[in-house]
Amino acid sequence: MNALTLIFTSLCVFAIGYRFYGLFIARRVMALNDDRPTPAVTLADGHDYVKTDKYVLFGHHFAAIAAAGPLLGPVLAAQFGFLPGALWIIIGAVVAGAVHDSIVLFASIRHKGKSLSAIAGAEIGNVAGKVASIAILFILILTLAGLSIAVVNAMFASPWGTFTVFCTIPIAMVMGIYMHNIRPGDVKGASVIGVLLLLLSVLAGPYVAANPTLASLFTFSKKEIALIIPIYGFFASVLPVWFLLVPRDYLSTYLKIGTIVLLALGIVAVHPQLQMPAITQFAGGGGPVIPGAVFPFIFITIACGALSGFHAIIGTGTTPKMIARERDVLFVGYGAMLTEGFVAIMALIAACTLVPADYFAINSAPKAFEALGMTTVNLPELAREVGEQVQGRPGGAVSLAVGMAYIFSSIPFMKGLMAYWYHFAIMFEAVFILSAVDAGTRVGRYLLQEMLAKVYPRFTDNTWTPGVIVTSLIFTSAWGYLVYTGDITTIWPLFGMSNQLLATCALIVGATMLIRLGRARYAWVAVVPGILMIPITMSAGYLNITRNFLPKGLMLLAVLSVILMILMSIVFISAFLRWYKLLQVKERVVDANGDSVVENVEIPDDRYALPAAQE
């Protein structure tokens with residue numbers, strides 16, 4: 001099949017989904033109203049709660065949610081053929097992922113920018129909130145470890161990519177100072193400055209790599225990168241959002257969206273055929289990349305790009321504290337998810353343009369590939385052109401970079417530039433992932449502050465520097481340890497399962513809030529995907545434990561899987577009991593926002609109250 005078919009189909013479905021289904025959810029289900037002030041206005045503190053332009057916020061939100069998942073997941077799922085992944089991405093993004101992101105963001109705005117666990121506690125009950133907070137903290141640690149390991153594998157021994165990624169940090173700081181101090185609100189001016197500086201850093205990359213002295217400064221081993229990334233996450237969590245996190249994410253969005261658009265144009269120009277069949281012989285299981293069968297493993301392999309619980313962490317973390325108007329939820333929440341779905345389609349196409357034998361040679365361990373009895377076709381030539389040893393480097397990043405470089409270099413006037421495009425793609429992947437690392441670490445700091453505040457209330461004060469530093473240090477140390485000691489083959493399967501469990505939890509919590517708000521007749525938009533994902537994810541978790549972790553002696557991962565499944569089951573059962581109780585209520589009351597609701601939930605301001613000097 002020609003790759004253009006997938007591009008055209010996905011764009012049409014996403015456009016129709018946004019115009020009709022997304023607008024229906026915004027107007028009818030959530031009833032967004034700009035007359036209600038958002039937490040960015042009512043709790044503004046200049047540090048975490050900052051009213052932000054919707055286009056800048058879209059950039060931050062998209063950069064934060066679009067991590068390794070939409071890039072690596074579809075590449076790994078190509079083992080089953082292009083059809084299962086394409087169907088899950090296109091359908092799942094519209095009816096599950098974008099719905100999930102919008103409702104979670106809406107719920108957090110109504111709960112004064114609080115985390116998912118705090119929302120679960122208010123909407124379902126204290127037990128559910130406490131259980132959810134523990135589960136979410138563990139899931140976030142596993143998520144950041146999995147994402148960071150992908151960065152380590154992409155950046156080690158690559159001075160070009162490392163130099164360009166490092167350049168995005170001071171460039172973002174310059175943009176932040178410009179928009180916040182020099183010319184407040186001048187988004188266009190900051191964008192021009194950022195894009196020009198980023199372009200210069202990309203162009204300077206090959207010269208840095210070619211210079212022995214400069215290359216040595218930006219060449220790091222796996223262990224060194226594994227230490228640098230948590231250090232970066234710590235500072236991104238501690239510094240004000242306007243100084244590093246938001247402008248860096250906004251800057252990287254230009255790179256991300258620009259590259260994806262360029263890749264789409266390249267596919268239009270080259271119109272390559274998908275070499276991978278629609279369904280492979282590994283759909284029933286036994287593949288060298290993913291050990292399980294297409295059902296249910298397609299749903300946990302492609303997480304981000306179709307449905308992702310990590311989005312709930314961002315959607316109840318940094319983004320709701322910066323959104324200026326309620327109606328921006330449609331553009332930021334629903335729109336960013338569909339954009340990520342298109343990224344996932346591009347990644348799937350890039351992987352499937354490789355000859356199957358070449359694809360499996362890259363994504364399988366040497367012994368596993370040898371057992372397949374396949375012979376590589378174009379791989380030796382591809383490795384020579386990119387100047388790297390690409391065979392036997394599983395994880396998805398390398399095969400995606402090779403596929404992208406192959407498409408770009410196939411354009412007539414770009415022939416001979418495959419090495420350039422390969423290293424550019426590696427840098428592109430790293431920037432994607434690090435944007436989620438900085439936002440995810442900040443959200444982890446929020447969660448720890450909420451939990452420690454029960455012991456020492458001052459942790460609720462986001463301006464208390466010792467509390468911010470302590471919680472950031474604890475959290476980055478936790479996921480940094482896993483990055484330093486683990487590898488993608490041990491972390492990614494657990495990340496996929498736990499990530500989808502969290503997405504299911506967020507949908508269930510969101511449905512509970514809709515029912516309480518008196519919109520039970522519309523709650524099906526969250527109930528249907530949430531209910532369907534419970535047996536899918538639980539069965540995938542069971543198969544992971546019995547057929548993947550236990551046979552390999554991975555007892556820690558097996559125990560973590562069981563604990564997370566039990567914790568989430570408690571939340572689900574508590575939510576269902578809450579639904580039953582709410583549906584029995586006949587009379588309505590008026591809440592603080594003036595809405596007619598089934599039951600009024602008190603949402604105190606004390607957790608995020610401003611210091612006395614700022615009130």
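What you see is a predicted model, and the numbers here were worked out from it, not measured in a lab.
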Student: Tell me whether the count of non-hydrogen atoms from other residues, nucleotides or ligands lying under 6.0 Å of CZ in F235 goes above 12.
Tutor: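 No, the 6.0 Å shell around CZ holds no more than 12 heavy atoms from other groups.
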Student: Please name the pair of heavy atoms, one in L338 and one in F14, separated by the smallest distance, quoted to 0.1 Å.
Tutor: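 Scanning both residues completely, I find the closest heavy atoms to be CD1-O, 3.4 Å.
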Student: Check the pair V94 / I90 against side-chain contact (heavy atoms from CB on, under 4.5 Å), numbers first and verdict last.
Tutor: CA-CA 7 Å; V94 173; I90 294 173; 5.7 Å; no
Student: Determine whether a donor-acceptor pair (N or O, by modelled atom type, separation under 3.5 Å) exists between the side chain of K223 and the backbone of Y484.
Tutor: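 Yes.
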Student: Apply side-chain contact (heavy atoms from CB on, under 4.5 Å) to residues M497 and L494 and explain how you reach the verdict.
Tutor: CA-CA 5 Å; M497 186 274 292; L494 180 54; 3.8 Å; yes
Student: Taking atom CG of L507 and atom CG of L532, what is their separation to the nearest 0.5 Å?
Tutor: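 Answer rounded to 0.5 Å: 10.5 Å.
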Student: Please give me the minimum heavy-atom distance between L400 and A347, naming the atom from each residue.
Tutor: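 L400 and A347 have their closest heavy atoms at CD1-CA, 3.8 Å.
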Student: Are any non-hydrogen side-chain atoms of F282 and V294 less than 4.5 angstrom apart?
Tutor: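 Heavy-atom side-chain distance check fails, nothing below 4.5 Å.
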Student: Return each pair, listed once, that meets side chain to side chain donor-acceptor pair (under 3.5 Å) where at least one residue sits in residues 267-278; pairs must be two or more places apart or across chains.
Tutor: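 Non-adjacent pairs meeting side chain to side chain donor-acceptor pair (under 3.5 Å): zero.
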Student: Do Q79 side-chain atoms and I290 backbone N/O form a donor-acceptor pair below 3.5 Å?
Tutor: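 A pair under 3.5 Å: yes.
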Student: Which atom names give the shortest non-hydrogen contact between H61 and V332, and what distance separates them?
Tutor: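 Smallest interatomic distance, heavy atoms only, reads CD2-O, 3.3 Å.
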Student: For the pair Y18 and V13, evaluate side-chain contact (heavy atoms from CB on, under 4.5 Å) and give the outcome as yes or no after the intermediate values.
Tutor: CA-CA 9 Å; Y18 184 89; V13 174; over 6 Å; no
Student: Do the rings of F299 and F295 sit parallel, tilted or perpendicular, given the 30° and 60° boundaries?
Tutor: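 Perpendicular, since the angle between the ring planes exceeds 60°.
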Student: Would you mind listing every side chain to side chain donor-acceptor pair (under 3.5 Å) that reaches into residues 196-216, with sequence neighbours excluded?
Tutor: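 Applying side chain to side chain donor-acceptor pair (under 3.5 Å) to every pair that reaches into residues 196-216, excluding sequence neighbours, yields nothing.
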Student: Taking atom types as modelled, find out whether D358 and T376 have a side-chain donor-acceptor pair closer than 3.5 angstrom.
Tutor: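 No, because no side-chain N or O of D358 sits under 3.5 Å from a partner of the opposite role on T376.
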Student: With sequence neighbours excluded, what pairs up with S148 under the side-chain hydrogen bond (donor to acceptor under 3.5 Å, both in side chains) test?
Tutor: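 side-chain hydrogen bond (donor to acceptor under 3.5 Å, both in side chains) list for S148, sorted by chain: empty.
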Student: Would the distance check show the side chain of S10 and the main-chain N or O of I7 forming a donor-acceptor pair, the cut-off being under 3.5 Å?
Tutor: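 Yes; judged by distance alone, with no hydrogens or angles, the pair exists.
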Student: Could you work out, with side-chain hydrogen bond (donor to acceptor under 3.5 Å, both in side chains) as the rule, every residue matching Y178, not counting sequence neighbours?
Tutor: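 Y178 satisfies side-chain hydrogen bond (donor to acceptor under 3.5 Å, both in side chains) with D186 once adjacent residues are dropped.
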Student: Please tell me if the side chains of W88 and L307 come closer than 4.5 Å, counting only heavy atoms from C-beta onward.
Tutor: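 Counting from C-beta outward, W88 and L307 do come under 4.5 Å.
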Student: Could you label the plane-to-plane angle of the Y334 and Y21 rings as parallel, tilted or perpendicular, counting under 30° as parallel and over 60° as perpendicular?
Tutor: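 Ring orientation of Y334 relative to Y21: perpendicular.
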Student: So, the side chain of E224 versus the backbone of S221: is there a donor-acceptor pair under 3.5 Å, distance only?
Tutor: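 Checked: pair present.
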Student: Do V75 and L71 come within less than 4.5 Å of each other through their side chains, counting heavy atoms only?
Tutor: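 Counting from C-beta outward, V75 and L71 never come under 4.5 Å.
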Student: Mark yes or no for whether S409, through its side chain, and Y406, through its backbone, hold a donor-acceptor pair below 3.5 Å.
Tutor: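 Yes; at least one donor-acceptor contact below 3.5 Å.
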Student: Output yes when a side-chain donor or acceptor of S399 lies under 3.5 Å from a complementary backbone atom of Y359, and no otherwise.
Tutor: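 No; zero donor-acceptor contacts below 3.5 Å.
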Student: Heavy atoms only: give me the nearest A350-I407 pair and the separation to one decimal.
Tutor: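 Where A350 meets I407 most closely, the heavy atoms are CA-CD1, 4.2 Å.
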Student: Identify the two heavy atoms, one from L227 and one from P230, that lie closest to each other, and give their separation to 0.1 Å.
Tutor: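 What the structure gives for the nearest pair is O-CD, 3.3 Å.
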Student: Would you check if V104 and H311 make a side-chain contact, meaning some heavy-atom pair closer than 4.5 Å?
Tutor: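 Not touching, per the 4.5 Å side-chain cut-off.
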Student: For D328, which residues count as a side-chain hydrogen bond (donor to acceptor under 3.5 Å, both in side chains) partner, sequence neighbours excluded?
Tutor: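 side-chain hydrogen bond (donor to acceptor under 3.5 Å, both in side chains) list for D328, sorted by chain: R325.
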Student: To the nearest 0.5 Å, how far apart are CG in L502 and NE2 in H100?
Tutor: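 If we round to the nearest 0.5 Å, L502:CG and H100:NE2 are 6.5 Å apart.
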Student: Taking atom CD of E370 as the centre, report whether more than 12 heavy atoms of other residues, nucleotides or ligands fall under 6.0 Å from it.
Tutor: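 No, not enclosed.
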Student: Applying side-chain hydrogen bond (donor to acceptor under 3.5 Å, both in side chains), name anything that partners T301, two or more places apart in sequence or on another chain.
Tutor: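 Per chain and number, T301 pairs via side-chain hydrogen bond (donor to acceptor under 3.5 Å, both in side chains) with no residue.
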Student: Using side-chain heavy atoms (C-beta onward) and a distance below 4.5 Å, is I229 in contact with V483?
Tutor: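 Answer no - side chains too far apart.
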Student: N499 side chain to F310 main-chain N or O, any donor-acceptor pair under 3.5 Å?
Tutor: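 At least one qualifying donor-acceptor pair exists.
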Student: Of all the heavy-atom pairs spanning F163 and A204, show the shortest one and how long it is.
Tutor: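 Distance-wise, the nearest heavy atoms are CE2-CB, 3.9 Å.
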Student: Ignoring hydrogens and angles, tell me if any N or O in the side chain of Q500 forms a donor-acceptor pair with the backbone of I300 under 3.5 Å.
Tutor: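 Judged by distance alone, no pair lies under 3.5 Å.
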